[in-house]
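Here is the structure we will look at, set down as structure tokens.
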Amino acid sequence: ERGECAVGVDGVRCAQWDAWVAGGGGSGDRRKGGGWGRGERPVIYVRWNDAKAYVSWLKRKTSLEYRLLSEAEWEYAARAGTTTKYHWGNSFDAGRANIGAKTVPVGRYEANRFGLHDMLGNVFEWVEDCWHDSYAGAPTDGLAWKSGGGCGNRVLRGGSWNYLPRFLRAAFRNRYVVVFRVNLVGFRVARTL
């Protein structure tokens with residue numbers, strides 16, 4: 001069993017990503033920000049492999065157990081103790097999540113009950129799990145599902161700045177190819193306690 005984890009209050013920001021790249025962090029591209037600015041905006045154009053390399057770098061730099069969240073952990077964190085479509089209720093509220101024409105700086109919207117910002121909207125977030133069409137056979141202990149299915153596609157959660165509200169529900173799942181970059185996708189880190 002993995003045990004408890006701490007979840008990043010926000011997704012990884014461009015400024016954090018840029019520090020990783022400047023420190024020899026690998027294939028990350030500091031130039032791509034969608035033309036919307038960088039700094040406190042969520043990093044975008046992130047491949048799943050880049051997100052994994054970033055958390056490995058954090059582990060080496062801090063000697064702490066950083067990682068991507070499992071899909072189950074992500075949904076638990078996004079729901080923040082609720083059972084509604086969104087952590088604030090069943091009706092979408094544009095004042096609570098970014099579905100505009102571009103990303104916005106992280107933390108602009110009110111946090112959920114767990115103190116986490118932008119779990120819904122702004123950018124999709126990579127999680128550890130391989131894509132499966134259903135939860136049939138999924139781990140029941142909250143761990144990531146790392147086998148079977150299509151591991152060339154990984155799970156994305158949280159919706160994105162250019163998606164309709166129904167795709168920002170806490171239960172909505174999506175997938176994307178691990179080797180592609182797109183301006184809809186970033187990630188958030190967790191730390192095993």
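A quick note: this is a predicted structure, and the numbers were derived from the prediction, not measured. Starting from 1, each residue takes its place in the sequence as its number.
Here the shortest heavy-atom pairing between C151 and V178 reads O-CG1, 3.9 Å. Here the closest heavy-atom approach between residue W88 and residue A97 is recorded as CH2-CB, 4.0 Å.
In the hydrophobic clustering of this structure, W74 groups with Y76; members are Ile, Leu, Val, Met, Phe, Trp, Tyr whose side-chain heavy atoms approach within less than 4.5 Å, directly or through other members.
Within the 4.5 Å cutoff, no side-chain heavy atoms of F92 are placed close to those of L164. Contact annotation: the side chain of D118 approaches that of R188 to within less than 4.5 Å [non-hydrogen atoms, C-beta and beyond]. At least one side-chain heavy atom of V106 sits under 4.5 Å from a side-chain heavy atom of P42. Using a 4.5 Å cut-off on side-chain heavy atoms (C-beta onward), L64 and L58 make no contact. When side chains are defined from C-beta on, R96 does not count as touching Y86, because their heavy atoms never get closer than 4.5 Å. The closest side-chain heavy-atom distance from W17 to V46 is below 4.5 Å. Side-chain atoms of R154 and R175, non-hydrogen and from C-beta on, never get closer than 4.5 Å to each other. Using a 4.5 Å cut-off on side-chain heavy atoms (C-beta onward), Y54 and Q16 make contact.
With rounding to the nearest 0.5 angstrom, the NZ atom of K85 is 11.0 Å from the CZ atom of R166. Distance check, rounded to the nearest 0.5 Å: CH2 of W48 to SG of C130 gives 7.0 Å. In this structure, CZ in R38 is found 10.0 Å from OG1 in T103, a value given to the nearest 0.5 Å. Rounding to the nearest 0.5 angstrom, the gap separating the CG atom in N153 from the CG atom in D129 is 13.0 Å. Between R173 atom CZ and S134 atom OG the span is 7.5 Å, to the nearest 0.5 Å. Summarising the geometry, atom CH2 belonging to W36 is positioned 4.5 Å from atom CG belonging to N183; distances are rounded to the nearest 0.5 Å.
Taking the charged nitrogens against the carboxylate oxygens, R67 and E128 have no contact shorter than 4.0 Å, which rules out a salt bridge.
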| request: Assess whether ring-ring contact (aromatic ring centres under 6.0 Å, His included) is satisfied between F124 and Y163, documenting all intermediate values. | output: CA-CA 10 Å; F124 275 111; Y163 272 57; 4.9 Å; yes

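The cationic group of R47 does not satisfy the cation-pi geometry with W126, failing either the under 6.0 Å distance to the six-membered ring centre or the 45° limit from the ring axis.
Applying salt bridge (Lys or Arg N to Asp or Glu O under 4.0 Å) to R157 and the options E75, E73, E125 leaves one that passes, E75.
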